[in-house]
2 protein chains.
Amino acid sequence: MKESAALDAFAAMSNETRLRILKRLVAAGPTGLPAGEIADAVGASPSRTSFHLSTMAAAGIIRAQRQARQIVYAADFMALGALVRFLLEECCSNDPTVRACCGLAADPASETQTPARSGGCDDA
Amino acid sequence: MKESAALDAFAAMSNETRLRILKRLVAAGPTGLPAGEIADAVGASPSRTSFHLSTMAAAGIIRAQRQARQIVYAADFMALGALVRFLLEECCSNDPTVRACCGLAADPASETQTPARSGGCDDA
DNA sequence: CTTTCATTTCAATAGATCTTGAAATATCTT
DNA sequence: AAGATATTTCAAGATCTATTGAAATGAAAG
């Protein structure tokens with residue numbers, strides 16, 4: 001993942017309305033939801049919702065597809081996975097403390113069992 | 001992790017200078033680095049660096065500690081771990097596709113081996 | 001081909017964020 | 001106490017982001 005893409009993705013996640021939209025779209029699964037339903041779900045006006053959906057689509061974390069008169073948006077799960085991985089690998093250099101907090105083995109190449117989160121992690 | 005904390009953390013990561021600072025601090029380990037060295041490392045003026053360091057500290061992803069005349073900043077590895085976990089759990093509902101992209105088992109409770117990243121993931 | 005429905009685009013505005021350079025603060029040294 | 005060093009704070013301006021409501025677009029139905 002390119003750094004500029006990650007910066008855009010982080011910016012997309014740094015807004016309350018957009019984070020709500022993302023959660024809703026993740027819950028909706030790969031089928032996604034039409035813009036109007038998303039607007040209702042998050043309690044924002046159509047134009048405001050459209051603005052945030054465009055921002056998120058430009059950041060690459062969701063995808064749009066016209067279906068008859070509606071425009072259906074869906075989370076891009078692979079892009080989200082790439083973002084988590086960027087955070088873990090590029091930003092955090094696979095630091096063992098960071099990894100332990102998400103139930104990951106200290107060493108990314110490890111063939112051993114994933115450990116329970118060790119003590120000292122902030123609660124999520 | 002509270003949602004508002006995550007929003008602040010994402011905002012903190014959505015700036016190029018701050019992301020560079022974070023990477024440098026992660027590389028520096030728990031000992032951290034004084035502000036002046038960080039400024040040199042990222043090529044930003046003292047006041048600009050100070051502004052970004054304050055933003056990151058307020059977001060809780062780094063910590064400051066005065067040491068004689070310098071102020072030493074260090075990455076907060078547990079907070080970063082909590083952020084990765086928030087992204088994975090709260091935002092992505094532990095979606096298996098997302099998890100596969102970071103070398104995680106599809107099921108967070110799984111006792112089986114962490115799989116190699118399955119096909120279809122965006123390259124990080 | 002007009003109407004209706006779903007969504008976007010636009011223009012205006014308000015507010016937040018970033019950068020710059022100068023001045024202020026805190027700490028150490030002499 | 002005066003000077004040097006490390007960093008922050010402040011004020012000004014530029015830029016970016018978000019919200020609102022009205023108007024425009026696209027697609028289907030009558």
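This structure is a prediction, so every number in the text was calculated from the model and none was measured. When reading the values below, keep in mind they use all heavy atoms of this one structure, side chains included, and skip hydrogens, waters and symmetry mates.
- As rounded to whole Å, 15 Å separates atom C1' of D:dA28 from atom CD of A:Gln67.
- For A:Ser54, taking side-chain heavy atoms from C-beta onward, the closest of the listed nucleotides D:dA6, C:dC18, C:dT9 is C:dT9.
- One can place CZ of B:Phe10 at 22 Å from P of C:dA16, the figure rounded to the nearest angstrom.
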| field | From CA spacing to verdict: side-chain contact (heavy atoms from CB on, under 4.5 Å), A:Val98, B:Val26 | value | CA-CA 10 Å; A:Val98 173; B:Val26 165; over 6 Å; no

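- A:Phe51 places its CZ atom 16 Å from the P atom of D:dG21, with the value rounded to the nearest Å.
- Here D:dT7 presents its P atom at 16 Å from CE of B:Met56, a figure rounded to the nearest Å.
- Within 6.0 Å of atom CD in B:Glu16, 12 or fewer heavy atoms from other residues, nucleotides or ligands are found, so the atom counts as exposed in its surroundings.
- If you measure from atom CZ of B:Arg69 to atom C1' of C:dA24, you get 17 Å, rounded to the nearest angstrom.
- In terms of phosphate contacts, A:Arg66 brings no side-chain nitrogen or oxygen within less than 4.0 Å of OP1 or OP2 of C:dA6.
- Of the side-chain N and O atoms in A:Tyr73, one or more sit less than 4.0 angstrom from OP1 or OP2 of C:dT8.
- B:Ser47 comes within 4.0 angstrom of a nucleotide base, judged by non-hydrogen atoms across all strands.
- Using a 4.0 Å cut-off, some side-chain N or O of B:Asn15 falls inside it from OP1 or OP2 of C:dC18.
- Side-chain atoms of A:Arg99 come within 3.5 Å of backbone atoms of A:Ala105 as a donor-acceptor pair (strictly under, hydrogens ignored).
- Between A:Leu53 atom CG and C:dT9 atom P there is a gap of 11 Å when expressed in whole angstrom units.
- Between A:Arg18 atom CZ and D:dC16 atom P there is a gap of 16 Å when expressed in whole angstrom units.
- Checked against A:Ile61 for a side chain to side chain contact (heavy atoms under 4.5 Å, CB included), the options A:Leu25, A:Asp76, A:Leu80, A:Asp8 give a single hit: A:Leu80.
- Rounded to whole angstrom, the span from the CG atom of A:Asp8 across to the C1' atom of D:dC16 amounts to 13 Å.
- Sparse packing is recorded around CZ of A:Arg63, with 12 or fewer heavy atoms of other residues, nucleotides or ligands lying under 6.0 Å away.
- Within the structure, a side-chain polar atom (N or O) of B:Arg48 is placed less than 4.0 Å from OP1 or OP2 of C:dT19.
- The side chain of B:Ile71 approaches D:dT8 more closely than any other nucleotide in the set D:dA27, D:dT8, D:dA6.
- Contact check, A:His52 against D:dT17: no side-chain N or O comes under 4.0 Å of OP1 or OP2.
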